Amino acid sequence: MLYHKPGWALPNGHIVRSHMEASLCGDLVAAEAPHQHGTPETLSFQVTIGPGQQALYVPSIVLSEARHAGRQIIIEPIDSAQPGGGTRRLAGFRQAHLSDYFLIVVARRALHHHLPLAAYDLLFPLEDFQPLEAFLLSLK
């Protein structure tokens with residue numbers, strides 16, 4: 001399966017694929033939370049998104065050092081709850097990798113009630129990174 005690598009480099013050298021990911025990256029850098037951005041070459045998964053349907057899932061942000069209950073933490077910005085918005089991939093990923101990865105979704109508050117519970121472990125608002133920062137601090 002082909003994966004096109006859209007994106008751009010931030011001043012810190014991190015390659016991001018969306019403005020939401022760039023905002024999260026900036027906040028994580030400010031919070032001194034070491035992280036990396038997923039690429040098909042470094043970390044990607046084939047996940048089931050429906051009967052007989054597979055899709056490639058490339059995590060947006062993976063925390064390098066912090067863990068929750070022994071699970072590596074992935075932070076995924078979501079901009080849409082519509083088909084193609086990524087929630088089916090996240091739900092398929094969680095179903096297959098629940099014991100190894102802790103999935104945090106960051107989305108606009110208006111989308112929160114549209115996102116399926118199967119797509120995340122924790123959900124934080126895009127409009128306010130303070131709850132996410134408090135969670136990350138609690139891991140130290």
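Along the sequence shown, residues are numbered consecutively beginning with 1. What's counted below: heavy atoms across the whole structure, side chains too, no hydrogens, waters or symmetry copies. Not measured: the values here are computed from a predicted model.
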Does any part of the side chain of [Y], heavy atoms only, come nearer than 4.5 Å to the side chain of [X], both counted from C-beta?
| X | Y | value |
| --- | --- | --- |
| Arg88 | Gln53 | yes |
| Thr87 | His114 | no |
| Leu10 | Cys25 | yes |
| Gln72 | Phe102 | no |
| Leu132 | Leu122 | no |
| Val106 | Leu24 | yes |
| Ile61 | Ile104 | no |
| Arg71 | Tyr101 | no |

Yes or no on side chain to side chain contact (heavy atoms under 4.5 Å, CB included) for Val47 and Leu90, after CA distance, side-chain angles and deciding distance? CA-CA 8 Å; Val47 298; Leu90 295 179; over 6 Å; no
Find the distance between [atom1] ([X]) and [atom2] ([Y]) and round it off to the nearest 0.5 Å.
| X | Y | atom1 | atom2 | value |
| --- | --- | --- | --- | --- |
| Ser60 | Ile74 | OG | CD1 | 9.0 Å |
| Arg67 | Asp100 | CZ | CG | 9.0 Å |
| Asp79 | Leu126 | CG | CG | 8.0 Å |
| Glu65 | Glu32 | CD | CD | 11.0 Å |
| Ile15 | Thr39 | CD1 | OG1 | 10.0 Å |

Is there a continuous path of hydrophobic side-chain contacts, each under 4.5 Å between heavy atoms, that joins [X] to [Y]?
| X | Y | answer |
| --- | --- | --- |
| Ile73 | Val29 | no |
| Val62 | Leu123 | yes |
| Ile75 | Leu117 | no |
| Leu43 | Val105 | yes |
| Leu111 | Phe129 | no |

Could you tell me if Thr42 and Gln36 have a donor-acceptor pair between their side chains, going purely by distance under 3.5 Å?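 Checked: Gln36/Thr42 side chains show no N/O donor-acceptor pair below 3.5 Å.
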Please name the pair of heavy atoms, one in [X] and one in [Y], separated by the smallest distance, quoted to 0.1 Å.
| X | Y | value |
| --- | --- | --- |
| Arg94 | Ala119 | CD-C, 3.6 Å |
| Glu76 | Pro59 | OE1-CA, 3.6 Å |
| His112 | Phe124 | NE2-O, 3.5 Å |
| Asp128 | Pro131 | O-CD, 3.2 Å |

Quick one, Gln54 with Thr48, criterion side-chain hydrogen bond (donor to acceptor under 3.5 Å, both in side chains). Give me CA distance, side-chain angles, the key distance, then yes/no. CA-CA 5 Å; Gln54 296 273 312; Thr48 301; 2.8 Å; yes
Please work out which of the three classes, parallel, tilted or perpendicular, describes the rings of Tyr57 and Phe93, given edges at 30° and 60°.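 Judged by the thresholds at 30° and 60°, the geometry between Phe93 and Tyr57 is tilted.
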Got a sec: does the CD of Gln130 have more than 12 other heavy atoms crowding it under 6.0 Å?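 No, not enclosed.
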For Glu133 and Leu28: C-alpha separation, side-chain torsions, deciding distance, then whether side chain to side chain contact (heavy atoms under 4.5 Å, CB included) applies. CA-CA 8 Å; Glu133 290 172 6; Leu28 292 170; over 6 Å; no
Begin from the C-alpha positions of Tyr120 and Leu115 and carry the test side chain to side chain contact (heavy atoms under 4.5 Å, CB included) through to its verdict. CA-CA 9 Å; Tyr120 58 87; Leu115 298 174; 4.1 Å; yes
Give me the one residue out of His37, Glu41, Arg17 that meets side-chain contact (heavy atoms from CB on, under 4.5 Å) with Val58.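 The single option meeting the side-chain contact (heavy atoms from CB on, under 4.5 Å) with Val58 is Arg17.
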Any chance you could lay out the side chain to side chain contact (heavy atoms under 4.5 Å, CB included) test for His14 and His35, step after step, and finish with the verdict? CA-CA 10 Å; His14 292 193; His35 65 281; 3.3 Å; yes
